[in-house]
Amino acid sequence: MRIQNQKNNYTAIRIQFIILIAFSLVLCFLMSYQTARRYYSINPQSWDISIYIQNMFLISNGLEFNTVRGINIWGHHIEPVLYPIARLIKIYGKPEALLLIQVFTVCFGSILVFYFSGKLLGSAGAGFITSLLYLIYPGVQNSALFEFHPGSLALPFFFPFIYYLKSNKLFPTLFFLFIILSTRENYAIPAFCLSVYYFRRNRTFKIVSIISALYFLAAIFFIKPYFNNGNQDLHLVYYSGFGNGTFQIVLNIFLKFKYTLSLLFSVDSLKYLLALYAPLMFIPLVKFKMNLILIPMLAINLLSNHPGVKTIDFHFQNEIILLIFAVFIESVVEFKNRKNSKFIYSMILVLIISVPVSIQYSRLYLFDKESKQNMKYDHKYLFAANLKQFINQDFNVCADITYCPYFSYRKNIYLFPNCPENTDVIILYKKYLDKENNQYLKGVLKKRGIKNYFEIGESICYFLSRKKALTQTPH
């Protein structure tokens with residue numbers, strides 16, 4: 001009888017694994033198609049993809065100064081994972097492969113979620129449902145779809161980190177902590193918060209909390225300023241309402257408590273919290289006190305003046321996702337201990353209800369009209385594809401946010417309207433050229449002179465360098 005039960009369990013796990021792989025494959029295909037199509041249709045969401053595509057070129061060629069951001073790559077974020085990725089990109093030859101690497105890692109990371117959440121929950125079936133919730137969770141999907149950010153690669157690795165952390169296995173814990181921290185220094189905060197919550201349980205929690213705290217402090221106050229000419233973290237500008245320096249901002253969060261409370265309890269903040277908890281059917285609230293570990297990351301986002309931080313449409317929620325799933329797992333364990341007989345059926349019900357809720361927040365083009373609209377080809381694709389024939393990799397390019405990603409794999413790429421003296425070409429989508437920038441453009445063209453130009457529809461490229469004003473360029 002026992003042997004028969006083991007065979008049945010093995011068969012059930014194998015079926016669950018096949019279903020998970022199939023769903024991950026379908027989702028990976030859909031998301032890869034969306035991100036690639038958006039890239040080639042020249043409809044970027046921000047300048048972030050330009051920053052990381054140039055980073056690929058810089059790292060591959062032993063360089064460090066990112067001209068899009070105007071800062072050393074180590075002064076922007078600490079992301080060592082970019083180095084092996086840059087080697088892959090150099091071999092493959094197409095920097096836009098970054099988008100596919102991100103989607104593939106997030107989707108097939110569900111295997112890690114399946115295995116380790118099953119271990120944490122003491123049930124392969126519960127692990128299977130958790131892995132499906134992970135895949136349909138809109139914060140995860142939107143992060144994978146939003147251009148490229150190394151931090152998104154860390155999402156599935158937090159599950160083995162939690163498992164080994166709770167199992168008091170130091171070296172596997174440190175291994176996965178290293179992987180997570182290599183994607184962005186910000187992840188030291190959720191690692192620290194989780195470790196502090198369980199601080200008294202074992203020595204691994206204590207060691208991880210100390211390492212995470214020291215690493216974050218070193219990154220913010222020493223490493224990043226060192227590579228940024230001694231300047232403070234450039235992201236502090238998003239908290240200008242509280243002051244300028246780190247200590248002034250932290251102090252004013254408490255001194256300007258009325259302003260702080262107005263941000264924390266605004267309508268946008270409440271909508272943001274709803275978007276985080278609703279796809280998991282508010283299950284994390286079962287362990288209500290444990291939700292306190294989310295406070296530091298929630299405060300960082302809710303007190304920011306960055307317009308995209310209080311939504312889950314981008315990547316800013318990544319660190320919170322890790323913690324909210326950690327609380328979700330602990331909440332499920334508590335529920336299982338209370339009502340073991342109804343446990344798995346309740347999980348299935350949560351999954352079923354979660355699907356329509358998650359769809360409401362997902363940016364997957366099947367459910368989001370704006371995402372589908374931004375995948376359509378127009379003259380911009382034809383313009384960029386033709387222009388690439390005439391712009392060599394040694395050209396110093398200044399492009400607006402529309403075309404910057406498409407020409408960023410080079411040493412010098414500048415974001416218009418920042419066109420230095422060594423600019424060889426200016427590439428613009430005139431539809432978004434406002435009055436102020438138009439005046440700036442006229443001044444540059446008058447000073448440098450136009451040696452040649454290439455124009456299709458609303459898009460135009462000005463060649464400013466005589467030696468690089470190719471005679472065969474159409475005009």
Distance, nearest 0.5 Å, that separates NZ of Lys446 from CG of Leu441: 13.5 Å

task: Identify whether the distance between the nearest side-chain nitrogen and carboxylate oxygen of Glu96 and Arg38 falls below 4.0 Å.
output: no

field: From Thr35 atom OG1 to Leu30 atom CG, the distance as rounded to the nearest 0.5 Å
entry: 11.0 Å

- prompt: Does Tyr440 reach the main-chain N or O of Pro417 with its side chain, forming a donor-acceptor pair under 3.5 Å?
  reply: yes

- prompt: Got Arg448 and Thr423 here, is their nearest side-chain heavy-atom distance under 4.5 Å?
  reply: yes

query: Are the charged groups of Arg363 and Glu370 less than 4.0 angstrom apart, N to O?
result: yes

- request: Say whether Ser240 and Asn305, considering side chains only, have a donor N or O and an acceptor N or O under 3.5 Å apart.
  value: yes

task: State, without any angle test, whether Ser266 and Ser269 hold a side-chain donor-acceptor pair at a distance under 3.5 Å.
output: yes

- prompt: How far apart are the closest heavy atoms of Ala86 and Met56, and which atoms are they?
  reply: CA-SD, 3.6 Å

task: Before giving the answer on ring pair (Phe, Tyr, Trp, His ring centres under 6.0 Å), spell out for Phe383 and Tyr403 the whole-Å C-alpha distance, their side-chain angles and the decisive distance to 0.1 Å.
output: CA-CA 10 Å; Phe383 172 79; Tyr403 286 108; 5.1 Å; yes

- request: Tell me, with the steps shown, if Leu387 and Ile456 meet side-chain contact (heavy atoms from CB on, under 4.5 Å).
  value: CA-CA 10 Å; Leu387 191 57; Ile456 295 181; over 6 Å; no

message: For a quick test of reading the model, state the closest non-hydrogen atom pair linking Leu181 to Ala188 and the distance between them.
response: CD2-N, 3.4 Å

task: Test ring pair (Phe, Tyr, Trp, His ring centres under 6.0 Å) on Phe175 and Phe178 and set out the steps.
output: CA-CA 5 Å; Phe175 172 74; Phe178 172 77; 7.6 Å; no

- prompt: Should we count CD of Glu436 as having more than 12 external heavy atoms under 6.0 Å?
  reply: no

task: May I ask you to check whether Tyr414 and Asn422 show a side-chain donor-acceptor distance below 3.5 Å?
output: yes

- prompt: What are the two closest heavy atoms between Ile85 and Ile101, and how far apart are they?
  reply: CG2-CD1, 4.1 Å

Ala219 versus Ile78, closest heavy-atom pair with distance: CB-CD1, 3.4 Å

- request: Test Phe159 against Phe325 for ring pair (Phe, Tyr, Trp, His ring centres under 6.0 Å), laying out the working first.
  value: CA-CA 9 Å; Phe159 291 84; Phe325 266 94; 5.8 Å; yes

message: Please determine whether side-chain contact (heavy atoms from CB on, under 4.5 Å) holds for the pair Tyr40 and Tyr406, giving the CA-CA distance in whole Å, both sets of side-chain angles, and the decisive distance to 0.1 Å.
response: CA-CA 8 Å; Tyr40 287 117; Tyr406 212 67; 4.1 Å; yes

query: Can you tell me if Glu147 and Ser46 form a side-chain donor-acceptor pair at under 3.5 Å?
result: yes

query: Quick one: does Asn231's side chain get under 4.5 Å of Asn228's, heavy atoms only?
result: yes

- prompt: Any donor and acceptor pair, going by atom type alone, linking the side chain of Lys451 with main-chain N or O of Tyr462 inside 3.5 Å?
  reply: no

- request: Would you indicate whether the side-chain heavy atoms of Asn142 and Leu364 approach each other to under 4.5 Å?
  value: no

Under 3.5 Å donor-acceptor, Asn437 side chain and Asp434 backbone: no

message: Can a side-chain donor-acceptor contact be found between His149 and Asp48 if the only test is distance below 3.5 angstrom?
response: yes

- prompt: Do Phe114 and Phe17 come close enough that some side-chain heavy atom pair is under 4.5 Å?
  reply: yes

field: pair Arg87-Ile59: side-chain heavy atoms closer than 4.5 Å
entry: yes

- request: Spell out, as yes or no, whether a donor-acceptor pair under 3.5 Å connects the side chain of Ser354 to the backbone of Pro279.
  value: yes

message: Is the shortest side-chain heavy-atom distance between Leu20 and Leu132 below 4.5 Å?
response: yes

field: Donor-acceptor pair, side chain of Gln317 and main chain of Gly139, under 3.5 angstrom
entry: yes

field: Nearest non-hydrogen partners of Thr246 and Gln232, listed with the distance
entry: N-OE1, 3.9 Å

- request: List the steps, then state whether side-chain contact (heavy atoms from CB on, under 4.5 Å) holds for Phe104 with Ser32.
  value: CA-CA 8 Å; Phe104 181 88; Ser32 297; over 6 Å; no

- prompt: Counting only N and O atoms by type, is there a donor-acceptor contact under 3.5 Å from the side chain of Asn72 to the main-chain atoms of Phe227?
  reply: no

Basic-acidic side-chain contact under 4.0 Å: Lys430, Glu458: no

- prompt: Aromatic rings Phe282 and Tyr277: how do their planes relate, parallel, tilted or perpendicular, breaks at 30° and 60°?
  reply: parallel

message: As a quick check of understanding, evaluate side-chain contact (heavy atoms from CB on, under 4.5 Å) for Thr311 and Phe314, giving each step before the final call.
response: CA-CA 7 Å; Thr311 73; Phe314 309 110; 3.6 Å; yes

Side chains of Ile460 and Tyr429 in contact at under 4.5 Å (non-hydrogen atoms): no

query: Is the shortest distance from a Lys or Arg side-chain nitrogen in Glu185 or Lys224 to a carboxylate oxygen in the other one below 4.0 Å?
result: yes

- request: Would you confirm whether Asn61, through its side chain, and Arg410, through its main-chain N or O, come within 3.5 Å as a donor-acceptor pair?
  value: no

message: Are there over 12 heavy-atom neighbours, none belonging to Phe29, within less than 6.0 Å of that residue's CZ?
response: no

- request: Anything under 30° is parallel, anything over 60° is perpendicular, the rest tilted; go ahead and classify Phe221 against Phe247.
  value: parallel

Atom pairs and distances, donor-acceptor, side-chain atoms in residues 249-259, under 3.5 Å, two or more places apart:
unit_1 : atom_1 : unit_2 : atom_2 : d
Asn252 : ND2    : Phe242 : O      : 2.5
Asn252 : ND2    : Gln248 : O      : 3.3
Lys256 : NZ     : Gly241 : O      : 3.3

query: When you measure from the side chain of Ser408 to the backbone N and O of Cys404, does any donor-acceptor pair fall under 3.5 Å?
result: yes

Leu464: which of Asp424, Val425, Ile426, Asn396 passes side chain to side chain contact (heavy atoms under 4.5 Å, CB included): Ile426

- request: Any chance you could lay out the ring pair (Phe, Tyr, Trp, His ring centres under 6.0 Å) test for Tyr365 and Tyr33, step after step, and finish with the verdict?
  value: CA-CA 10 Å; Tyr365 76 97; Tyr33 172 71; 5.7 Å; yes

- prompt: Taking atom types as modelled, is there a side-chain donor on Ser110 or Ser24 under 3.5 Å from an acceptor on the other?
  reply: yes

field: N/O donor-acceptor pair under 3.5 Å between Tyr134 side chain and Val106 backbone
entry: yes

field: Between Gln54 and Thr67, a side-chain donor and acceptor under 3.5 Å
entry: yes

task: To the nearest 0.5 angstrom, please state how far the OG1 atom of Thr183 sits from the CG atom of Leu153.
output: 6.5 Å

field: Neighbour count >12 (heavy atoms, 6.0 Å) for atom NZ, Lys271
entry: no

Flag for Thr402-Tyr432: side-chain donor and acceptor within less than 3.5 Å: no

task: Would you please indicate yes or no on a ring centroid separation below 6.0 angstrom for Phe158 and Tyr187?
output: no

- request: Look at the side chain of Gln102 and the backbone N and O of Ala97, then say whether any donor-acceptor pair between them is shorter than 3.5 Å.
  value: no

- prompt: Can you name the nearest heavy-atom pair linking Ser358 to Ile136, along with the distance?
  reply: CB-O, 3.3 Å

query: Are Leu236 and Asn244 close enough that some pair of their side-chain heavy atoms sits under 4.5 Å apart?
result: no

